[in-house]
Protein chains: 2
Amino acid sequence: MANVAKYNRDDVIRKAMLLFWEKGYNGTSTRDLQQAIDMRPGSIYAAFGSKEQLYREALVCYSQGMAEMLGQRIVSAGSALGGLELFFRNVVIDQCDSNPSEVCMLVKTLTEVNDDHPELMELSRELLKRTEDRFADILQQAKEAGEIATHANPRILARHLQVQMIGLRIYMKTSRNPESLSEQITTIFANIKR
Amino acid sequence: MANVAKYNRDDVIRKAMLLFWEKGYNGTSTRDLQQAIDMRPGSIYAAFGSKEQLYREALVCYSQGMAEMLGQRIVSAGSALGGLELFFRNVVIDQCDSNPSEVCMLVKTLTEVNDDHPELMELSRELLKRTEDRFADILQQAKEAGEIATHANPRILARHLQVQMIGLRIYMKTSRNPESLSEQITTIFANIKR
DNA sequence: CCTCTATTTGAACGAATGATCAAATTTTAA
DNA sequence: TTAAAATTTGATCATTCGTTCAAATAGAGG
């Protein structure tokens, strides 16, 4: 029983995630995957079952990575709302070139995949919902810390931020105008603060 | 020279557009297209050259349709800003189920297609830019009509609206919550008006 | 060292893909 | 009515796709 597994497996999923994120589900062939993760078809199918199942694990990996990053930014900024703004700035502007795509992988999946692969759609939806819930939690903390108005509604604000995040990332892909986007982010958070 | 063309051709492009919009570029096979537009491969390739060129024409068709609709809404509303808000509400909420996809076809293209097919990316970008320019023109009119503040900047507001439109449509696909989205649209335009 | 089991390999499968083209059909013009 | 030109047809092409599986390889226990 050659159980080198776990460690290796996470690494493989991560590599698959990066390729899927770049090229999309339909745009990534199993041959592309074989090369990217350095595994032969038999091993891949033994380990993951199908292309779709591997994609599913890649989605979860992506989502976890983003969640971790958000946590780190809150620590760096030393405040809930400050961390959120830093997270926005990093994702939308700073990292958009080093990442495989400017656009959120969950959003890419949701827009690409149809009623074939309903499970991929449902999983993307679920993971996006979790992100929004996380935003709401953070905004609640910000409220308790006095960073935002006492009459603010964290759930509504979280929804608002989700829309901004999605829109800004795609807009970055269309316009490549970091300066104006940075101003937009400043405005968004300025409006939340008061 | 059987020149039944123009009329028929536009109809064919429109049907192709609806299918492409629904299933995406990679997700639409040439067989799907053959059935949808009721043409045989030889005719299709004689008329359009390739799948990519047909998609290009479909993108333009989509964009024109949206532009026409926006014009109509401004007429219906009897004001520039009112028409814009009506357009938002129709696109994001009312028509999202009757359309092939909740998401803007230009955005779908931009997020799906990679550096293969650079021309599709560039065309989508260009058409999105035209939309934003159109928004700016309309906001300028609104400004002159006294619908928005005299210190408002139409170009910045247009960019803002573009981000909102993109974000809201995708958010609709994830959450299916028309009520909250309607409130969000109300808020967006309320903030613009004062 | 050997045997048994688990894993990996890569050739191969059938289906689907985008595209072509000679033949059949339809349209045009005389 | 007829011949030339334009268009349509559908069988077919070479690739590529996701996936399978018998054979080869590697590790564990005795």
Side-chain angles (χ1 to χ4, degrees), chain A residues 1-13 15-59 109 112-121 123, chain B residues 1-13 15-59 109 112-121 123:
Chain A
M1 190 191 302
N3 200 4
V4 202
K6 196 67 178 110
Y7 223 76
N8 228 322
R9 184 181 173 90
D10 285 355
D11 193 52
V12 160
I13 291 173
K15 283 178 182 161
M17 179 273 281
L18 292 172
L19 188 66
F20 275 133
W21 187 5
E22 181 189 345
K23 312 186 83 164
Y25 183 77
N26 291 318
T28 305
S29 74
T30 50
R31 267 89 178 164
D32 294 335
L33 278 171
Q34 287 163 36
Q35 201 190 353
I37 69 183
D38 191 31
M39 283 175 79
R40 264 38 66 194
S43 299
I44 298 178
Y45 280 81
F48 300 104
S50 71
K51 181 185 172 185
E52 181 175 337
Q53 283 184 60
L54 176 52
Y55 193 88
R56 217 138 55 200
E57 301 222 40
L59 280 179
T109 306
E112 178 191 356
V113 149
N114 303 71
D115 300 323
D116 28 66
H117 313 293
E119 298 177 25
L120 292 185
M121 256 194 50
L123 180 54
Chain B
M1 192 191 301
N3 202 4
V4 202
K6 196 67 177 110
Y7 220 77
N8 227 323
R9 184 181 173 90
D10 286 355
D11 193 51
V12 160
I13 291 173
K15 283 178 183 162
M17 179 272 281
L18 292 172
L19 189 66
F20 275 134
W21 186 5
E22 180 188 345
K23 311 185 81 161
Y25 182 78
N26 290 318
T28 306
S29 74
T30 50
R31 267 92 177 161
D32 293 335
L33 278 170
Q34 289 163 34
Q35 200 191 353
I37 69 183
D38 192 30
M39 286 175 77
R40 264 37 65 195
S43 300
I44 297 178
Y45 280 84
F48 300 103
S50 70
K51 181 185 172 186
E52 181 174 337
Q53 283 184 58
L54 176 53
Y55 193 87
R56 217 139 53 200
E57 301 223 40
L59 281 178
T109 306
E112 179 190 358
V113 149
N114 302 71
D115 300 323
D116 27 68
H117 314 292
E119 298 178 26
L120 292 185
M121 255 193 51
L123 180 55

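Every heavy atom of this structure was used, including side-chain atoms; hydrogens, water molecules and symmetry mates were not. Reminder, nothing fancy here: chain letters follow the sequence lines and each chain counts from 1.
- Listed in residue order, the members of residues 37-44 of chain A having a heavy atom less than 4.0 Å from DNA chain D are A:P41, A:G42.
- Taking 4.0 angstrom as the limit, B:T30 places none of its side-chain polar atoms (N or O) nearer than this to OP1 or OP2 of C:dT17.
- Between A:E119 and A:Y55, the closest side-chain pair of non-hydrogen atoms is not below 4.5 Å.
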* Asked: Do A:I44 and A:T30 pass the side-chain contact (heavy atoms from CB on, under 4.5 Å) test, and can you show the C-alpha distance, the side-chain angles, and the key distance before you say yes or no?
  -> CA-CA 9 Å; A:I44 298 178; A:T30 50; over 6 Å; no
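- For A:K51 and D:dC17, the NZ to C1' distance is 8 Å, given to the nearest whole Å.
- Remark: P of C:dA16 and CG of B:L33 are 17 Å apart, rounded to the nearest angstrom.
- Taking atom OH on A:Y55 and atom C1' on D:dG18, their separation rounds to 16 Å, with Å as the unit.
- B:F20 and B:Y25 have parallel rings, their planes meeting at less than 30° on a 0 to 90° scale where 60° marks the start of perpendicular.
- Distance check, rounded to the nearest 0.5 Å: CG of B:D116 to NZ of A:K23 gives 6.5 Å.
- For the pair B:F48 CZ and C:dT20 C1', the interatomic distance rounds to 18 Å; values are reported in whole Å.
- Side-chain contact check for B:Y45 versus B:Q53: every heavy-atom pair is 4.5 Å or farther apart.
- The OG1 atom of A:T28 sits 4.5 Å away from the CG atom of A:L19 when rounded to the nearest 0.5 Å.
- Rounded to whole Å, the distance from CZ on A:R31 to P on C:dC13 is 13 Å.
- Taking a 6.0 Å sphere around CD of A:Q35, one finds it holds 12 or fewer heavy atoms contributed by other residues, nucleotides or ligands.
- Listed nucleotides C:dT20, C:dC13, D:dT20 differ in distance to B:Y45; the shortest reach to its side chain belongs to C:dT20.
- The side chain to side chain contact (heavy atoms under 4.5 Å, CB included) test applied to A:S29 returns A:R31, A:D32, not counting sequence neighbours.
- Against DNA chain D, the stretch residues 15-28 of chain A makes heavy-atom approaches under 4.0 Å through A:T28.
- A donor-acceptor contact under 3.5 angstrom links the side chains of B:E112 and B:N26, judged on distance only.
- In this structure, the CD atom of B:Q35 is 14 Å from the P atom of C:dA16, given to the nearest Å.
- As rounded to whole Å, 13 Å separates atom C1' of D:dT12 from atom CD of B:Q34.
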